[in-house]
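Accompanying notes for the structure given below.
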Amino acid sequence: MKDVNIYVDAMEDLNICVNRMEDVKVTNKKEKRTPKVKAPNTTGGGSGSGVGKKEVKKETGLGLSNKKDENFGDWYSEVVVSGEMIEYYDISGCYIIRPWSMAIWEIMQKFFDAEIKKMKIENCYFPLFVSSTVLQKEKDHIEGFAPEVAWVTKSGDTELEVPIAIRPTSETAMYPYFRKWIRGHRDLPLRLNQWCNVVRWEFSNPTPFIRSREFLWQEGHTAFATKDEADKEVLEVLELYRRIYEEFLAIPVVKGKKSENEKFAGGLYTTSVEAFVPNTGRGVQGATSHCLGQNFAKMFEINFENEKGEKGMVWQNSWAYSTRTIGVMVMVHGDDKGLVLPPKVASVQVIVIPVPYKDADIQAIWDACSETAEELNKAGFRAETDLRDNYSPGWKYSHWELKGVPLRIEIGPKDMAKNQVRVVRRDNGAKEDISRITLVDKIKDVLDNVQQSLFDAAKQKRDACVVVAKTWEEFTKALNEKRMILAPWCNEEEVERDVKARTKGDMGACKTLCTPFDQPELPEGTLCFASGKPAKKWTYWGRSY
């Protein structure tokens, strides 16, 4: 019932936001450069076409009613809807992924799919449904997921004799067939991946992309003859996840190992890439790569015969990243104007907007916009024109800023006379006039700079939030200041549970995020910040999503 109330409140807030926006008139200093004129009778690509004698709609105001630094939760909910990333669905915790965000997912998917195929990993698809007998076979695994499992109990009006689970993950669905397919060493390694959806039902405070009842992901499942092979793959896949975050989404992450309390249920060990959202002071588990060891092989009797005719159990891995990546990108880069998309994942990298003046050759301006977009697309960029004649240029500026398009190109009479275009960056608002002769090369340089600048700014903000705490007093102070804390730890599970219990409050308890692979020097005699026992490692701690 609490989830339903949260959803209803969110929808009411959204309606209020829309009503407010209807009453707000766009005010933009750029309007001095953008008088309204009648468009020529022409057509254009991208978001619309300019057609003569078209009825001009009343312009509604654009812009967000919430500020990122003042009300982060409401800002986030507003920006993902207004930026056309998602739409709320009539089932709490479920969201419609709109084309603007689906395109981002597909760009990451294209990269990752190509990389794992280089590793000889093949795609497959397993059914959504899992039998209760199979799901409950691995005790630790099912206990870890039990509260989140959704069950099908009826077919029409008929009660099912045996309930069927909807997959929260696919280990137990896939591994009975690993047993069937693996007989000898020549059947190894078996390396499969599937792109699919999963359902995890039990939670409170749903958040688009970050915490939803159904989400898209890829999940890899592999089996090897030796642990060394499994260990190697864990780190290779983890590096691909780092690249997705840092090279595509422009988000800095920490690669490390999860604690025993936080590792994947039923696995041997878990590695992860951890992001951090400075505005909320919360970490985000960005993606995970698990070594399952031989636990599942034992449960499902996945054995093989080696070259010497000896029987052995396989070593297994599983690894996944999800549409959560998109939510982290919005949280880290977005601002009070809306989304800020890194060029590498933006479905539209450049939007070309005509800026006609009265008595100018309007047709020539429209043609120049279309030609510019076509030239950029031929050069490999993702460019569109906005030739809609029922909105002013100033309104279009705000619209595409809200949607986070990395670059805007403006073409007006003065630009035509000088054979140039004006380029405006979304990340910092910088403007530059560029000759059309060198446009392609310059646009590449600018987009590369935007991508790097977003990463550098995000890393600077993240690093400013990292605090080293060596005592409990330093630790709690940093936690209250919403920091990501690096602290010396004795690596004892009971101590971690005690820290979680002692920090539990309205904002949620603190826990380990990961132990970074890149370990700072740990001087001899360093004590654990929480227990006072000899410290064994440096570990990141914080609240998390």
Side-chain angles (χ1 to χ4, degrees), residues 1-15 77 80-81 85-99 101-102 105 109 123-181 192-219 221 264-266 296 299-301 318 320 322-324 326-327 545:
M1 191 64 189
K2 182 179 178 182
D3 285 351
V4 174
N5 291 335
I6 291 171
Y7 173 77
V8 171
D9 290 342
M11 293 301 294
E12 289 176 350
D13 289 344
L14 180 60
N15 289 332
S77 298
V80 293
V81 173
M85 301 287 278
I86 64 105
E87 188 59 77
Y88 282 90
Y89 197 57
D90 62 355
I91 296 176
S92 177
C94 296
Y95 309 95
I96 300 166
I97 299 177
R98 299 187 65 181
S101 49
M102 195 66 190
W105 178 247
Q109 182 183 39
N123 282 327
C124 65
Y125 184 79
F126 276 70
L128 175 67
F129 303 111
V130 185
S131 71
S132 58
T133 302
V134 170
L135 187 65
Q136 295 171 5
K137 193 162 188 176
E138 211 297 314
K139 182 184 176 188
D140 290 339
H141 178 74
I142 186 57
E143 285 182 353
F145 283 103
E148 301 174 340
V149 177
W151 294 90
V152 179
T153 59
K154 295 179 70 175
S155 173
D157 294 329
T158 305
E159 295 285 342
L160 296 182
E161 185 175 339
V162 179
I164 298 172
I166 300 176
R167 62 173 170 231
T169 182
S170 297
E171 280 77 8
T172 54
M174 297 175 78
Y175 296 164
Y177 300 91
F178 275 42
R179 176 191 176 186
K180 182 177 180 179
W181 298 333
L192 301 179
N193 175 71
Q194 66 173 352
W195 298 92
C196 62
N197 62 337
V198 291
V199 174
R200 297 182 182 177
W201 200 260
E202 179 64 29
F203 62 80
S204 60
N205 300 321
T207 304
F209 296 116
I210 299 296
R211 194 171 175 82
S212 58
R213 284 185 166 156
E214 179 190 11
F215 54 87
L216 302 180
W217 74 350
Q218 60 71 216
E219 53 175 325
H221 296 271
F264 183 71
F296 286 88
M299 292 296 106
F300 290 92
E301 300 178 354
S318 68
S322 74
T323 40
R324 167 176 279 207
I326 300 173
Y545 285 97

Validation row: Leu216, Met102 side chains within 4.5 angstrom (heavy atoms) = yes
Are the aromatic ring centres of His221 and Tyr175 under 6.0 angstrom apart?
-> yes
Measure up the Trp217 and Phe215 rings against each other and bin them: parallel (under 30°), tilted (30 to 60°), perpendicular (over 60°).
-> perpendicular
Please name the pair of heavy atoms, one in Pro206 and one in Ser92, separated by the smallest distance, quoted to 0.1 Å.
-> CG-OG, 4.1 Å
Give a yes or no answer on whether the side chain of Ser131 reaches the backbone of Val134 with a donor-acceptor pair at less than 3.5 Å.
-> yes
Mind checking what makes side-chain hydrogen bond (donor to acceptor under 3.5 Å, both in side chains) contact with Tyr95, not counting sequence neighbours?
-> none
When rounded to the nearest 0.5 angstrom, what is the spacing between CG in Leu135 and CD1 in Ile166?
-> 11.5 Å
What residues form a salt bridge (Lys or Arg N to Asp or Glu O under 4.0 Å) with Arg98, not counting sequence neighbours?
-> none
Is any side-chain heavy atom of Val130 less than 4.5 Å from a side-chain heavy atom of Thr172?
-> yes
Are Ser318 and Glu171 close enough that a side-chain donor and a side-chain acceptor fall under 3.5 Å?
-> yes
Between OG1 on residue Thr323 and CD1 on residue Ile97, distance to nearest 0.5 Å | 5.0 Å
dist Trp151:CH2 -> Ile164:CD1 (nearest 0.5 Å) comes out at 9.5 Å
Hey, does the side chain of Ser101 reach the backbone of Met85 with a donor-acceptor pair shorter than 3.5 angstrom?
-> yes
With side chains defined as the heavy atoms from C-beta onward, is the minimum distance between Cys94 and Ser212 less than 4.5 Å?
-> no
Quick one: list whatever passes side chain to side chain contact (heavy atoms under 4.5 Å, CB included) with Gln194, sequence neighbours left out.
-> Cys124, Tyr125, Phe126, Arg167, Ser170, Met174, Cys196, Glu219
Pairwise side-chain contact, Tyr177 with Phe300, heavy-atom cut-off 4.5 Å (strictly under) = no
Answer yes or no: is there a side-chain heavy-atom contact under 4.5 Å between Thr153 and Leu160?
-> no
Flag the pair Tyr88 / Pro208 as yes when at least one side-chain heavy-atom distance between them is below 4.5 Å, and no otherwise.
-> yes
Rounded distance (nearest 0.5 Å) linking atom CG of Asn123 with atom CG of Leu192 = 9.0 Å
Using atom types as modelled and distance alone, determine if a side-chain donor or acceptor of Arg213 lies under 3.5 Å from a backbone N or O of Trp201.
-> yes
If you round to the nearest 0.5 Å, how far is CZ of Phe209 from OH of Tyr545?
-> 14.5 Å
Please lay out, stage by stage, how Val162 and Thr133 fare under the test side-chain contact (heavy atoms from CB on, under 4.5 Å).
-> CA-CA 9 Å; Val162 179; Thr133 302; 5.6 Å; no
